[in-house]
Structures are given as C-alpha cells and as structure tokens.
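To start, the structure under review is shown below, and the notes come after it.
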Amino acid sequence: MATSNTSNTAGTGTGTPAPSSRSPLTASAGRVFDTVPPTALVLLGIVSVQVGAALAKNLFSAAGSFGTVALRLFFAAAVLMLLWRPSPRMNRRAWTVVLGYGAVLGLMNLCFYLALARIPLGIAVTIEFLGPLGVALAGARRWLDAFWAVLAGGGVVLMEGRGELDLVGCLFALAAGVCWGLYILLGAALGRHTAEGGGLALGMAVAALSAVPFGVADSGTALLQPWVLAAGIGVALLSSVIPYSLDLEALRRMPPRVFGILMSLEPAVAALIGLVVLRESLYWSQWAAVLCVVVASAGATRAVRPDA
C-alpha cells in the first residue's frame with residue numbers, strides 16, 4: 001500500500017515556515033531514527049506496510065473490506081493526531097488541499113482493500129504501482145521513458161498468468177493506482193501548505209471521517225470485538241503510522257529520486273510477503289510481471305530528476 005512521501009517540506013499557506021508541532025514522543029522517535037541509515041528506514045517502511053496489508057487481508061472475514069478500512073484509518077488518524085497535535089488554524093487554500101488529500105487517501109485505501117479481497121497481495125500492489133509510475137512518466141519526452149512505459153505494459157500482460165485473476169479485483173487495484181497518482185500530486189501541495197506531519201495527521205482524520213460511516217454500516221457491531229479492534233490497531237500502525245513516519249524521516253535525509261528508486265521495490269516485497277504470510281503463490285509469468293514493473297518504476301524514477 002501507498003506510503004507517504006509528501007509532508008517533508010514545512011510551510012504554511014502563506015509560504016512562511018510554521019513552528020514545529022512535534023510532541024515529546026515524536027521528538028524522541030526522531031532522535032532514534034537519526035541512528036538508522038535512511039535506506040534502512042525506507043526498506044523497513046516497505047516491509048511494514050506490506051505486512052500490515054497481509055494482516056488486513058486476514059481481517060476481512062470478520063470485519064469486511066469496508067470495516068477494515070474504517071479501523072485502519074480511524075486508529076491511524078487517532079495516533080497521528082496525538083503525535084503531531086496539528087493546529088486547525090490554516091487558511092482556506094491549506095484546508096482545501098487537506099480535504100482533497102484526505103478524500104483521495106480514503107478512496108485509495110478502500111479501492112486497494114476491495115482489490116486485496118479478490119486478488120493476491122503481490123498482484124494488487126503491482127497493478128496499483130502503475131499509478132505512481134504514470135506520474136513519473138507524465139510529460140516524458142525521451143525514447144528511454146517510452147521504453148519504461150512499454151516494459152510496464154508488458155508486465156501488465158504477463159500478470160494475467162493462466163487467466164484466473166478476478167477482473168473486478170484488477171479494476172479496483174487500477175483505481176487504487178489512479179488514486180495513488182492523485183495522492184502524490186496532492187501530497188506535494190500538502191507539503192507546501194502544512195507543517196511537518198500536521199497535514200498528514202489532518203488528512204488522515206478527513207479520510208477516517210469519510211470511511212468510518214461506511215465501515216460501521218457494512219460491518220456493524222463486528223468492529224467492536226476486542227480481537228478485531230486489536231487487529232485494527234495493528235493494521236493502522238503497520239500500514240500507516242510506522243511507514244509514514246519512517247518515510248518522512250528518510251526523505252529528510254536523502255534525495256527524493258533515491259527514495260523513489262527504493263520505493264520501486266514495493267511490488268516485489270508485496271509478492272514475497274504474500275507468499276510467506278498469506279501462502280499466495282504466483283505463476284512464473286506473474287513473478288516476471290512484478291519484475292517488469294519494478295524495473296520500469298526504478299528506471300523511470302531514476303531518469304525523472306537526474307540532478308536530484
């Protein structure tokens with residue numbers, strides 16, 4: 001699932017830096033992060049978000065896709081709000097960005113979980129990854145960029161395997177990818193108009209407010225079972241709080257281009273986590289498809305900002 005790489009630029013809607021709103025716990029975590037290489041932070045974030053997705057898939061039988069999304073976003077918003085304690089005192093432009101970011105974040109999570117209920121984790125993440133790849137290739141002019149696009153397209157063709165993939169699940173994953181592309185664009189604006197993780201926390205709260213009513217309507221009192229709530233907290237921490245925090249810290253210490261190349265490993269990690277945790281075996285052609293998308297994404301990201 002998507003991780004946040006967008007709130008590392010501190011600022012307000014007026015373009016002036018805002019004072020830090022870090023809580024003592026966040027500041028302590030930052031000091032711990034300083035001892036870990038940024039590359040390791042990114043890789044840990046990737047593993048965390050995919051393990052969280054695997055845990056979420058195991059929760060579908062009790063809470064459903066809507067209920068699982070509601071739990072993830074609710075607990076993630078609660079934790080991030082406590083960590084960052086963002087101020088709601090922002091101008092209209094900043095709030096517009098936060099609302100748009102939160103709405104897209106909620107829809108992206110819902111589409112991804114609906115896909116995850118129908119197709120393997122590795123396939124869902126690989127298809128979803130076409131969204132950020134499309135953003136990276138937007139406006140491309142060089143023949144090499146066209147090669148990366150063709151390589152990714154070849155990966156999509158190979159992904160069908162023996163024709164057993166659920167079409168609806170693939171379409172939900174593709175919709176999640178479109179949302180991920182929008183999320184990246186809105187996230188860039190979020191970093192310009194909000195301070196540190198404050199925008200992320202407020203955006204997550206907006207996403208939670210939009211998803212919780214649907215989750216409650218779909219799953220009802222099943223969401224109140226103690227083990228379901230505990231699993232929901234685990235999903236929120238693994239899929240949102242931990243990777244988002246790791247990404248923010250990594251981006252503070254490495255060029256965005258390097259971060260993007262490392263993030264290109266996410267489909268491969270998702271396929272491995274699906275195999276180990278969920279026992280989801282892929283055909284050789286589907287592994288080849290994952291590799292095509294990983295290479296295309298890394299190549300496109302590396303070529304976008306050679307001066308980064």
Step-by-step side chain to side chain contact (heavy atoms under 4.5 Å, CB included) determination, Val228 to Leu59 | CA-CA 7 Å; Val228 171; Leu59 194 56; 4.2 Å; yes
Among the clusters formed by ILVMFWY side chains lying less than 4.5 Å apart, do Met254 and Leu246 turn up in the same one?
-> yes
Mind jotting down which residue pairs meet the salt bridge (Lys or Arg N to Asp or Glu O under 4.0 Å) criterion with at least one end in residues 216-226? Sequence neighbours excluded, please.
-> none
Residue from Leu116, Leu110, Asn109, Leu114 passing side chain to side chain contact (heavy atoms under 4.5 Å, CB included) with Phe112 = Leu116
Can you hop from Phe75 to Leu209 via hydrophobic side chains spaced under 4.5 Å?
-> no
Side-chain donor/acceptor of Ser210 to backbone N/O of Ala207, under 3.5 Å | yes
Check whether any side-chain heavy atom of Met90 sits under 4.5 Å from a side-chain heavy atom of Leu202, and report yes or no.
-> yes
How about Phe60: does its CZ atom have over 12 heavy atoms from other parts shown lying under 6.0 Å from it?
-> yes
Does Ala222 offer a backbone N or O that forms a donor-acceptor pair with the side chain of Gln225 under 3.5 Å?
-> yes
Considering all heavy atoms of both residues, which atom of Ala201 and which atom of Trp84 are nearest to each other, and what is their separation?
-> CB-CB, 4.4 Å
List the atom of Leu165, the atom of Pro120, and the distance in Å for their closest heavy-atom pair.
-> CD2-CD, 4.0 Å
Worked verdict on Val269 versus Leu43 for side chain to side chain contact (heavy atoms under 4.5 Å, CB included) | CA-CA 9 Å; Val269 174; Leu43 296 177; over 6 Å; no
Does the Ser297 side chain pair with the main chain of Val293, one donor and one acceptor, at a distance under 3.5 Å?
-> no
Among all residues two or more places apart in sequence or in another chain, which pass the ring pair (Phe, Tyr, Trp, His ring centres under 6.0 Å) test with Phe172?
-> none
Stepwise side chain to side chain contact (heavy atoms under 4.5 Å, CB included) check, Tyr113 with Val235 | CA-CA 12 Å; Tyr113 280 5; Val235 170; 3.5 Å; yes
If you look only at pairs with a residue in residues 36-56, which of them pass as a salt bridge (Lys or Arg N to Asp or Glu O under 4.0 Å), with sequence neighbours excluded?
-> none
So which heavy atom on Ala53 is nearest to which on Ser239, and how close?
-> N-OG, 3.6 Å
Can any side-chain N or O of Trp95 pair as donor or acceptor with the backbone N or O of Pro88 at less than 3.5 Å?
-> yes
OG of Ser264 to CG of Leu133, rounded to nearest 0.5 Å, is 8.0 Å
Flag if over 12 foreign heavy atoms under 6.0 Å of CH2, Trp143 = no
Please name the pair of heavy atoms, one in Gly45 and one in Pro243, separated by the smallest distance, quoted to 0.1 Å.
-> O-CB, 3.5 Å
Look up atom NE2 in His193 and atom CZ in Arg93, then write down how far apart they are to the nearest 0.5 Å.
-> 4.5 Å
State, with a plain yes or no, whether a side-chain heavy atom of Val295 is found less than 4.5 Å away from one of Trp148.
-> yes
Pairs satisfying salt bridge (Lys or Arg N to Asp or Glu O under 4.0 Å), at least one member in residues 53-66, at least two apart = Lys57-Glu280
Phe259 side chain near Val42 side chain, heavy-atom distance below 4.5 Å = yes
By side chain to side chain donor-acceptor pair (under 3.5 Å), which residues pair with Thr126, not counting sequence neighbours?
-> none
To the nearest 0.5 Å, atom CG of Leu99 lies from atom CZ of Arg92 at 12.0 Å
When hydrophobic residues are tied together by side-chain contacts of less than 4.5 Å, even through go-betweens, does Phe147 share a cluster with Val157?
-> no
Exam field: side chain Arg118 to backbone Val168, donor-acceptor pair closer than 3.5 Å = no
Are Ile242 and Val69 in one and the same hydrophobic cluster, where Ile, Leu, Val, Met, Phe, Trp and Tyr link if side-chain heavy atoms are under 4.5 Å apart?
-> yes
Between Pro86 and Met81 the two heavy atoms that sit nearest each other are CG-SD, 3.6 Å
Give the C-alpha distance, both sets of side-chain angles, the deciding distance and a yes or no for side chain to side chain contact (heavy atoms under 4.5 Å, CB included) between Arg72 and Thr68.
-> CA-CA 6 Å; Arg72 170 185 172 174; Thr68 303; 5.5 Å; no
Shortest non-hydrogen contact between Leu262 and Ile46, atoms and distance = O-CD1, 3.4 Å
d(Trp287 CH2, Leu275 CG) to nearest 0.5 Å is 5.5 Å
Report the distance from atom CG of Asn58 to atom CG of Leu278, rounding to the nearest 0.5 Å.
-> 5.5 Å
How are the rings of Phe129 and Trp180 set to each other: parallel, tilted or perpendicular (split at 30° and 60°)?
-> perpendicular
Shared hydrophobic cluster, Ile261 / Leu41 (ILVMFWY, side-chain heavy atoms < 4.5 Å) | no
Whichever hydrophobic residues join Val150 through chains of side-chain contacts under 4.5 Å = none
Can you tell me how far the CG atom of Leu80 sits from the CG atom of Leu200, to the nearest 0.5 Å?
-> 5.0 Å
